[in-house]
Amino acid sequence: MTPAEIAPKDRLIVALDLPSVDAAEAMIAKLGDSVTFYKIGYQLAYAGGLPLIGKLADKGKKVFADLKMHDIGNTVTRGVESVAKLGATFVTVHAYPQTMKGAVEGRGSASLKILAVTVLTSYNDDDLHAAGYRLSVSELVEARAQQAQVLGVDGLVSSPEEVGALRKIVGHQMSLVTPGIRPAGAASGDQKRIMTPGRAIAAGADYLVVGRPVVEAADPKAVADTIHAEIAQALG
Ligand SMILES: O=c1ccn([C@@H]2O[C@H](COP(=O)(O)O)[C@@H](O)[C@H]2O)c(=O)[nH]1
């Protein structure tokens with residue numbers, strides 16, 4: 001999908017990092033028409049949140065199943081086959097060659113898009129070295145993007161800091177999805193590679209993932225609306 005084909009409202013993906021389906025449904029009600037795209041990750045998925053994917057899809061919302069799969073290829077293939085039946089738009093896998101190959105096989109011709117997580121946005125070079133990698137964050141993100149492209153993956157998850165370099169590698173063939181988004185003045189928490197919504201869009205990100213700055217806000221809808229306004233301004 002080219003940037004012009006993405007509905008501006010869909011560019012903000014709100015991470016429903018909440019402890020229960022009831023809490024998630026209350027947040028979705030608060031956000032109302034302001035948010036069209038939601039992300040379900042570990043916290044909600046393991047609290048019984050997977051059926052929300054179909055419920056949200058039935059209401060015309062899009063859902064990103066942030067399951068960050070990583071296992072032997074056959075298990076990833078079968079897992080993605082199951083996720084493809086839930087109604088999600090995106091599912092994540094870690095950007096290891098066997099994992100990405102298995103995921104693309106499991107997707108087959110389904111409409112589900114596979115996103116490969118390049119290097120988590122809470123990691124910097126020191127964290128990668130502590131985990132045994134010799135490459136820097138930017139080198140590893142770029143190497144994994146090249147592998148993902150060859151294997152037929154649909155999109156990449158990276159920090160907005162890498163988006164410019166990634167566009168040069170993958171053009172507009174792959175969607176670039178960026179967590180690590182912080183409105184000016186928001187606490188970074190455990191995120192290490194961060195950018196504001198406006199700068200991330202200007203850098204070329206297709207989708208922005210925002211969790212705590214929205215779901216922990218006193219007025220989540222007001223924060224989501226402000227992010228949309230910043231996105232619109234950056235898009236010109
Ligand atoms: O590299 C990654 C991949 C996924 N995430 C997820 O995005 C949200 C970000 O939440 P914030 O509260 O806005 O920090 C969260 O669900 C992560 O699991 C990521 O942050 N970085």
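None of the values given here were measured: they were computed from a predicted structure. Counting starts at 1 for both ligands and their atoms, following the listed order.
At distances below 3.5 Å, at least one donor-acceptor pair connects side-chain atoms of Arg193 with backbone N or O atoms of Leu120. Judged by distance alone, the side chain of Arg182 and the main-chain N or O of Ala186 form no donor-acceptor pair under 3.5 Å. No side-chain donor-acceptor contact under 3.5 Å links Asp10 to the backbone of Ala7. Judged by distance alone, with hydrogens and angles left aside, the side-chain atoms of Arg107 form no donor-acceptor pair with the main-chain N or O of Glu81 at under 3.5 Å. Judged by distance alone, the side chain of Asp154 and the main-chain N or O of Ile114 form a donor-acceptor pair under 3.5 Å.
Every atom of ligand 1 is numbered from 1 in the order shown, and the set under 4.0 Å from a heavy atom of Leu120 is 1 (O), 2 (C), 3 (C). Each of the following atoms of ligand 1 lies closer than 4.0 Å to a heavy atom of Pro179: 2 (C), 3 (C), 4 (C), 5 (N), 7 (O), 19 (C), 20 (O), 21 (N). Counting the atoms of ligand 1 from 1 in the order shown, those under 4.0 Å from a heavy atom of Val209 are 7 (O), 8 (C). Every atom of ligand 1 is numbered from 1 in the order shown, and the set under 4.0 Å from a heavy atom of Arg182 is 11 (P), 12 (O), 13 (O), 14 (O).
Ligand 1 has Pro213 within reach: a non-hydrogen atom of the residue lies less than 4.0 Å from it. Within the structure, the closest approach of Lys68 to ligand 1 falls below 4.0 Å when heavy atoms are considered. Residue contact annotation: Lys39 has a non-hydrogen atom under 4.0 Å from ligand 1.
Figure legend: Lys61 and Tyr38 shown without cation-pi pairing, the cationic atom not lying both under 6.0 angstrom from the six-membered ring centre and within 45 degrees of its axis.
Cluster membership check: Met195 does not share its hydrophobic cluster with Val14, using side-chain heavy-atom separations under 4.5 Å among Ile, Leu, Val, Met, Phe, Trp and Tyr.
Backbone and side-chain nitrogen or oxygen atoms of Ile181 are examined, and none is located within less than 3.5 angstrom of a nitrogen or oxygen of ligand 1.
Separation of the Tyr207 and Phe37 ring centroids falls under the 6.0 Å cut-off.
Nearest to atom 20 (O) of ligand 1 among the protein's heavy atoms is Gln191 NE2, 2.7 Å. Distance from atom 1 (O) of ligand 1 to its nearest protein heavy atom, with residue and atom name: Thr121 N, 2.9 Å.
At a 4.0 Å heavy-atom cut-off, ligand 1 touches Asp17 through the side chain alone. Contacts of Arg212 with ligand 1, taken as heavy-atom pairs under 4.0 Å, involve both backbone and side chain. By the criterion of a heavy-atom distance under 4.0 Å, the side chain of Asp66, and not its backbone, is placed next to ligand 1.
Put simply, CG on Leu128 and OG on Ser138 are 9.5 Å apart, with the number rounded to the nearest 0.5 Å.
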